[in-house]
Amino acid sequence: MSGLRARLGSTWVVVLVSLMLGGCSSTAFNQAPVVDRGAGVVRPGVMDPTTQAVKQLPGFENAGKPGYYTVKPGDTLIRIGLDHGQAAKDIARWSSIDDPNRIEIGQVVRVVPPTGSATGGSGARPVAAVTVAPTSSTASTAPATSSASATANSEDEINWIWPTGGPVLAGFDEVKNKGLDIGGKAGDPVLAAADGRVVYVGAGLRGYGNLVILKHNNTYLTAYAHNRTLLIKEDQAVRKGQKIAEMGSSDADRVKLHFEVRRQGKPVDPARYLPAR
């Protein structure tokens, strides 16, 4: 009997010691203090603000402001320029972009000229500074207002011509077709629809093939797509009726000219501007 008591007593001592050691071990792990011994120490699961700084894209401070545009997936400066009625080169200059072929999603670019900035080779007419000496104390601002109105009206007073003589294959549709598709034969002449300046020549805009974009003033651009041959160069001044390209089928299912008129970047129906046939 005394031997049994001795064995049970030994067992309880072992159990008690095990519980005490286990409890001490658990308490030591869960309540160990976290020590930060310097800025360079990174604790598990804590973001280090010195190495996780967010990259700010060029122009981020102008996001959402009037006259600025945030680059979206698939954008190019050519597309942005066409959609805002500007030359891609001008947008690159206004936005301090060194390589126009490299822009980033989320980057903010300027799509209107800075105050007092000329648009360079974009074909826009500069406004001449005129100093007028007042002839009496009753001078009014009516002449200036009248002059501004005349300038605005002259932007819309363009004598357009058809860029080629073929039949219209597809009319304007704001969703499906942003211009007119005009038929013809490979090599048929493509003419400038009005006086202007060349702001783009090339094949950098998907779906347009060999493309020419002309800027006629601060309001209007025209685009001529799917050409076989391009006969002019960027920044060149062209006259209405001048041959600027030869019709082709680049990036198209058949020989045709896709012709667009853009008013302040927005596609409008060319048939509203071209003379009746």
Rounded at 0.5 Å granularity, tell me how far [atom1] in [X] sits from [atom2] in [Y].
X: L230; Y: I244; atom1: CG; atom2: CD1; answer: 8.5 Å
X: N101; Y: T76; atom1: CG; atom2: OG1; answer: 9.0 Å
X: T70; Y: I80; atom1: OG1; atom2: CD1; answer: 9.5 Å

Check your understanding: Can you pull the ring pair (Phe, Tyr, Trp, His ring centres under 6.0 Å) pairs that have at least one residue in residues 194-214, sequence neighbours excluded?
Key -> Y208-H258
[X] side chain to [Y] backbone, donor-acceptor under 3.5 Å:
X: S250; Y: N227; value: yes
X: N217; Y: T219; value: yes
X: T164; Y: G184; value: no
X: W94; Y: V111; value: no

Check your understanding: Going through the distances and angles, do Y220 and T222 end up as a side chain to side chain donor-acceptor pair (under 3.5 Å)?
Key -> CA-CA 7 Å; Y220 289 101; T222 50; over 6 Å; no
Check your understanding: In terms of heavy-atom contacts, does CG of N159 have more than 12 from other residues, nucleotides or ligands at under 6.0 Å?
Key -> no
Check your understanding: Just wondering, are more than 12 heavy atoms of other shown residues or ligands nearer than 6.0 Å to CZ in R277?
Key ->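 It does: R277 CZ has more than 12 such atoms within range.
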Those residues that, when tested against [X], pass side-chain hydrogen bond (donor to acceptor under 3.5 Å, both in side chains) (two or more places apart):
X: Y273; result: none
X: K240; result: none
X: R262; result: D83, E260
X: K178; result: none

Can you list everything that forms a side chain to side chain contact (heavy atoms under 4.5 Å, CB included) with [X]? Sequence neighbours excluded, please.
X: K266; value: none
X: S95; value: I91, I97, V109, R110
X: R239; value: D195, Q242
X: K256; value: L169, D181, H226, A252, D253, R254

**Study point:** H84 and Q264, any side-chain heavy atoms less than 4.5 Å apart
**Key:**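 A side-chain contact under 4.5 Å is absent here.
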Sequence neighbours excluded - salt bridge (Lys or Arg N to Asp or Glu O under 4.0 Å) pairs with any residue from [range]:
range: residues 158-176; value: none
range: residues 63-75; value: none
range: residues 216-234; value: K89-E234, R228-E246

Hydrophobic clusters here meaning ILVMFWY residues chained together by side-chain heavy-atom distances under 4.5 Å, can you tell me if [X] and [Y] are in one?
X: L180; Y: L191; result: no
X: V201; Y: L231; result: no
X: V112; Y: L221; result: no
X: V255; Y: L257; result: yes
X: L214; Y: W162; result: yes

Heavy-atom pair of closest approach, residues [X] and [Y]:
X: G166; Y: I182; value: O-CG2, 3.3 Å
X: E104; Y: V71; value: O-CB, 3.3 Å
X: L77; Y: A92; value: CD1-CB, 3.9 Å
X: V198; Y: V238; value: CG2-CG1, 3.9 Å
X: A193; Y: Y224; value: N-OH, 3.0 Å
X: L274; Y: I161; value: CD2-O, 3.2 Å

Exercise for review: Specify whether H216 and W160 have parallel, tilted or perpendicular ring planes, treating 30° as the upper limit for parallel and 60° as the lower limit for perpendicular.
Suggested key: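 Correct class here is perpendicular.
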**Study point:** Presence of salt bridge, D251 and R206, under 4.0 angstrom
**Key:** no
Exercise for review: Any chance you could lay out the side chain to side chain contact (heavy atoms under 4.5 Å, CB included) test for D156 and I158, step after step, and finish with the verdict?
Suggested key: CA-CA 6 Å; D156 285 323; I158 296 178; over 6 Å; no
